[in-house]
2 protein chains.
Amino acid sequence: MAAQASGRTGETRPGGEEPVAAEDRHAGCDSWRSVAPDAARRLLIAAVEAFAERGFHATTTRDIAGRAGMSPAALYIHYKTKEELLHRISQVGHERSLSLLRDAAAGRGGPSDRLAAAVGAFGRWHAEQHTTARVVQYELSALSPDHYAEIVALRRRTEAVVRDLVEEGVRAGEFEVLDARATALAMLSLCLDVARWYRPGGRRTPEEIGDFYADLALRMVLAPRATGRH
Amino acid sequence: MAAQASGRTGETRPGGEEPVAAEDRHAGCDSWRSVAPDAARRLLIAAVEAFAERGFHATTTRDIAGRAGMSPAALYIHYKTKEELLHRISQVGHERSLSLLRDAAAGRGGPSDRLAAAVGAFGRWHAEQHTTARVVQYELSALSPDHYAEIVALRRRTEAVVRDLVEEGVRAGEFEVLDARATALAMLSLCLDVARWYRPGGRRTPEEIGDFYADLALRMVLAPRATGRH
DNA sequence: GTCTATACGGAGATAGAC
DNA sequence: GTCTATCTCCGTATAGAC
């Protein structure tokens, strides 16, 4: 299901001096298609990988440039600072995952169907794009105050999508929850955390993870069979 | 639900020369009672706060020493490196949360009761000790390979406790799950993630969060009322 | 055990040639 | 747009006095 076109174009650099391992090195490069010119995109992809592996503060600009096959100085032609790289990554990643979530939430069917679709898609994205997702979810605090505020706004919108779905299901009488906001947050927690533990080649595919989490989300909102607990 | 005794004892330290803000600055200092001498403990507590705020790599030894009211050099009397501080924090934190989880899981009652108690206690700890928990959960990658391996072993034991509980409930016919391991991991994800978003003074107390997550955990394992989804 | 002073290396960012 | 060379600052860790 994972549309994986492109692969690596332009990987015909003279010396084959890839210093970094990685089968999934270029998994999801499509996500960065919009970034131009090519050198800027290569730097961005290199930064995503480095930030995901070591974290923003432990990553050096030399490392990023090296992964992109450029000199340290080349980075500053395309980005004013290291933080600007993080900002771009965070921005694109948040927009992409929000858009995915919205599309699923706006699909066909009742609240259960759409909630399952939304959580499934969101969870799956965090597995498929675990490299990007790790940066997006766990390096926020390295953003400048302005950029941080901008990203937080996107996150609130993400939360609202799920919360609205849960509330809609409650109004429709399909769901029964103790606290819609907290339930929605819990569903997002589940999905986000995939970026922390997921490793390619693990025992489940991204699609299976999404499906499994969709099932868990429904269990969270459908009144349990057993009673006498409240 | 969520049997909770103790609360914080021993919050009566004499001198009050705290340079840093924070209402919750000393929330859970009890956890570090075992660390001696006093200067070493103050440094450790300062490190927990700094690492939680900025992350390990963004924290300077000068900052840690400053928060503890000491000169930069004083740190190296008590710890060989900055990483050793992280290791101690991670070790104590993992041991504490594992112990908590085990106690709850070994309590009275059937699988449902004990699962609810375990998830409740674990979730509550991540809220109450959110500062420590943030370091414990999100700074692992800064550990040395040896220390990392040691901590991973503790984490596996934590996962096993919850997984065993879920499997026990399935065998007893109380639970119905698609995948016990994945379900247990999801419960842990929920609890861990509390450390990421929790802020003191938010709309729910740590105890309420624990109770809410205990309820969600039960929903995850009790077969849903509605059918026709698989 | 704690301080002041400092060695040493490395990181972000720039200058100026090509 | 990219490179080589470099500036400048700052962070970890140590030396040696008290």
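Naming convention: chains lettered A, B, ... in sequence-line order (proteins, then strands); numbering from 1 in each chain.
Residue-to-nucleotide proximity on DNA chain D shows that, of Pro72(A) and Tyr76(B), the 5′-proximal contact is made by Pro72(A).
We find that CG of Leu86(A) is positioned 13 Å from P of dG12(C), with the value rounded to whole Å. Regarding Tyr79(A), its OH atom lies at a distance of 21 Å from the P atom of dA11(C), rounded to whole Å. We find that CD1 of Ile64(B) is positioned 13 Å from C1' of dA13(D), with the value rounded to whole Å. Between the C1' atom of dA11(C) and the CZ atom of Arg54(A) lies a distance of 14 Å, rounded to the nearest Å. Rounded to whole Å, atom C1' of dC3(D) lies 14 Å from atom CG of Leu43(A). In this entry the distance linking CD1 of Ile77(A) with P of dA13(C) reads 14 Å, nearest Å. Atom P of nucleotide dG11(D) and atom CG of Asp63(B) are separated by 9 Å, given to the nearest angstrom.
Taking the side chain to side chain donor-acceptor pair (under 3.5 Å) definition, one finds that Glu95(B) meets it with nothing, sequence neighbours left out.
Among the atoms of the strands shown, base atoms are found under 4.0 Å from some heavy atom of Ser71(A). Residue-level contact check: Ala73(B) touches the bases, meaning some heavy atom is under 4.0 Å from a base atom.
Across all non-hydrogen atoms, the minimal contact from Leu100(B) to Ala121(B) is CD2-O, 3.5 Å.
The existence of a salt bridge linking Arg124(A) and Asp211(A) is excluded, since no basic side-chain nitrogen approaches an acidic carboxylate oxygen closer than 4.0 Å. With respect to Arg54(B) and Glu139(B), no salt bridge is recorded, no charged nitrogen being found less than 4.0 Å from a carboxylate O. Taking a cutoff of 4.0 Å between a charged side-chain nitrogen and a carboxylate oxygen, Asp193(B) and Arg196(A) do not qualify as a salt bridge.
Out of dA13(D), dG1(C), dA13(C), the shortest distance to the side chain of Lys82(A) is found at dA13(C). Checking dC3(D), dG11(D), dA11(C) against every side-chain atom of Thr60(B), the shortest atom distance belongs to dG11(D).
Side-chain atoms of Glu84(A) and His147(A) form no donor-acceptor pair, as typed in the model, at a separation below 3.5 Å.
Of the side-chain N and O atoms in His57(B), none sit less than 4.0 angstrom from OP1 or OP2 of dG11(D).
Not a single donor-acceptor pair, N or O on each side, falls under 3.5 Å between the base of dG10(C) and the side chain of Arg62(A).
Paired with Phe122(B) under the rule side-chain contact (heavy atoms from CB on, under 4.5 Å), one option of Leu190(B), Val162(B), Leu192(B) passes, and it is Leu192(B).
Each end of the helix from dG1(C)-dC18(D) to dC18(C)-dG1(D) gets its own axis, taken as the rotation carrying the C1' atoms of four end pairs onto the next four within a five-pair window, and the two axes meet at 0° to the nearest 10 degrees.
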